[in-house]
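Structure record follows, encoded as structure tokens.
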Amino acid sequence: MIRRAKGTRDILPPESRLWAAVEEQARSVFGGLSYEEIRLPVMEPTELFVRGVGEGTDIVSKEMFTFPDRKGRSLTLRPEGTAGVARAFIEEGLFQRPQPVRLLYIGPMFRYEKMQRGRYRQFAQIGIELLGAATPQADVEVLMALHMFLEALGFDDLVIRLNNLGDPEDRPRFIAGLKRELASHKDELCSDCHRRWDENPLRLLDCKVPRCRELMLNTTPVAEVVSDEARAHVEEVSAGLTALGIPVQSAPRLVRGLDYYLRTAFEIVSPHLGEDTAIGGGGRYDRLISDLGGPQVPGIGFAIGEDRLIDVLPSGFRDRVLGVRPVVVLPAADGAETAAMKLARSLVEHGLEVRNEVTGRSLRAGLKWAAKVGARAVVILGPDELAVGEATVRDMDSGEQRRVELERVAEELTAQD
Ligand code: HAM
């Protein structure tokens, strides 16, 4: 037997319905705020992520699926969506459109990670990006959109954790202070942190090793050493969210696993998954597009991990989606097939979900099968019924049966809804 590649998943029905329903909700909420879908390649030149996400990040240094194409060019399966959006923004001249540009993407991402709950090598993200607006109001809108989406799915226990990473100009000062504070404990840091120390010291704050974490807790938060402008920006974002009744938690030691963030950075965590397994994250990236050779265009956005989101989906939403039960159409007479197929067509046109019996089961076996697939009703087309242009409609919960004219079956079944 050939097995799926490690870290990939098969999303089977009926679970796949949840995915479709969540995506539909995303299109509805984000679409309502004019975030329009962009469909991007899943493979990009490796250099895009090296320059965009950052060479010293775990994603780029350890987690990319990178391979040469047949001409020896290095390609990478996208580990995230923002760098691709920025590339397309430059390459497709989206800066020439009326600004700001609002984009939505839904699709697979790839990271070579150790497998554990909520951590896959192929996973899906739902993300939005708002490009061309540098104001705190842009951040407020993006976070409001996030909150609206999560509320529409019925979440009431997710927490938005917000930090201020300051501007790139604030970094050297922060990093010098951080290193000073950690200097006497440097030999206690893990080997990864020793590498980070020189290559990408901000990442020290992101280490998951308990002793490193403990040491980081005693350092001065980055938000305390940022410029007045950066401070005012994130304070305004916080105040804007509070005014909208959107709760956010301050997270002074939150840094993100990608290098492009400045000022606003946030994550969404669930009490069911813990802080290391965020449902989503995002922030502002005002230098990304110019760093990739484009114009000076600011941006902010986030991505939600769809696998994780579905893992902790509120039961109300789950039950509503998975609770839809089909109507079985069961031809139980010679020559009933066409009448059954016509009936199925008409029921679907009336918005019902139909499951046809097409394997030639007898009435008895057909009813058994209908119970197994969770049918709410079975429409039986037996010889007696067919002779007078009727069908028997059986309610599978009460066991009650009624004879109904064929033209009235749809009406009868939709009336019950
Ligand atoms: P990220 O925090 O790297 O941000 O990923 C966003 C979300 O993707 C995570 O919070 C998580 O839910 C999900 N995710 C990441 N890795 C995995 C994995 N191995 N298995 C399952 N889910 C995973 C970004 O990717 C940024 N591009 C977000 C962004 C958009 N920032 C600005 N705009």
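Here the structure is a predicted model, which is why all the values come from computation and not from measurement. The figures that follow rest on heavy atoms only: side chains count, while hydrogens, waters and symmetry mates do not. Order of appearance sets the numbers: ligands from 1, and atoms from 1 within every ligand.
- Using a 3.5 Å distance cut-off with no hydrogens or angles, the side chains of Glu36 and Ser34 do not pair a donor with an acceptor.
- Here's the thing with Tyr261: one of its N/O atoms is less than 3.5 angstrom from an N/O atom of ligand 1.
- Within the 4.0 Å heavy-atom criterion, neither part of Met109 lies near ligand 1.
- For Gln125, a nitrogen or oxygen atom sits less than 3.5 Å from a nitrogen or oxygen atom of ligand 1, counting backbone and side chain alike.
- Considering backbone and side-chain atoms together, Gly305 places an N or O closer than 3.5 Å to an N or O of ligand 1.
- The residue Glu267 has no part lying near ligand 1, judged by heavy-atom distances below 4.0 Å.
- Distance alone, capped at 3.5 Å, is enough to place a donor-acceptor pair between the Arg325 side chain and the Ala375 backbone.
- Cation-pi geometry between Arg121 and Phe110 is not met: the NZ or CZ atom fails to fall both under 6.0 Å from the ring centre and inside 45° of the normal.
- Salt bridge Arg263/Asp167: present, at least one basic N to carboxylate O contact under 4.0 Å.
- At least one N or O atom of Glu80, backbone or side chain, sits closer than 3.5 Å to an N or O atom of ligand 1.
- Counting heavy atoms of neighbouring residues, nucleotides and ligands inside a 6.0 Å radius, atom CE of Met396 exceeds 12 of them.
- Not a single heavy atom of Gly127 sits under 4.0 Å from any atom of ligand 1.
- Considering only residues two or more places apart in sequence or on other chains, Arg180 meets the salt bridge (charged side-chain N to carboxylate O under 4.0 Å, His left out) condition with none of them.
- Shown here for Ile279 and Leu158, the closest heavy-atom pair between the two residues is CG1-CD2, 4.4 Å.
- Only the side chain of Phe123 comes within 4.0 Å of ligand 1, judged by heavy-atom distances.
- In terms of polar-atom proximity, Ile128 is not counted as a contact of ligand 1, lacking any N or O under 3.5 Å from an N or O of the ligand.
- Close approach of ligand 1 to Gly282 is summarised as follows: ligand atoms under 4.0 Å from at least one heavy atom of the residue are 31 (N).
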Begin from the C-alpha positions of Arg361 and Thr359 and carry the test side-chain hydrogen bond (donor to acceptor under 3.5 Å, both in side chains) through to its verdict.
-> CA-CA 6 Å; Arg361 284 186 175 91; Thr359 66; 3.3 Å; yes

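- Checked against a 3.5 angstrom limit, the closest N/O atoms of Tyr105 and ligand 1 fall outside it.
- The residue Phe110 has no part lying near ligand 1, judged by heavy-atom distances below 4.0 Å.
- Contacts between Leu258 and ligand 1 below 4.0 angstrom, taking non-hydrogen atoms only, involve the side chain exclusively.
- At least one heavy atom of Gly280 sits closer than 4.0 Å to an atom of ligand 1.
- Considering backbone and side-chain N/O of Ile59, none are found under 3.5 Å from N/O of ligand 1.
- Side-chain polar atoms of His233 and Asp139 form a donor-acceptor pair below 3.5 angstrom.
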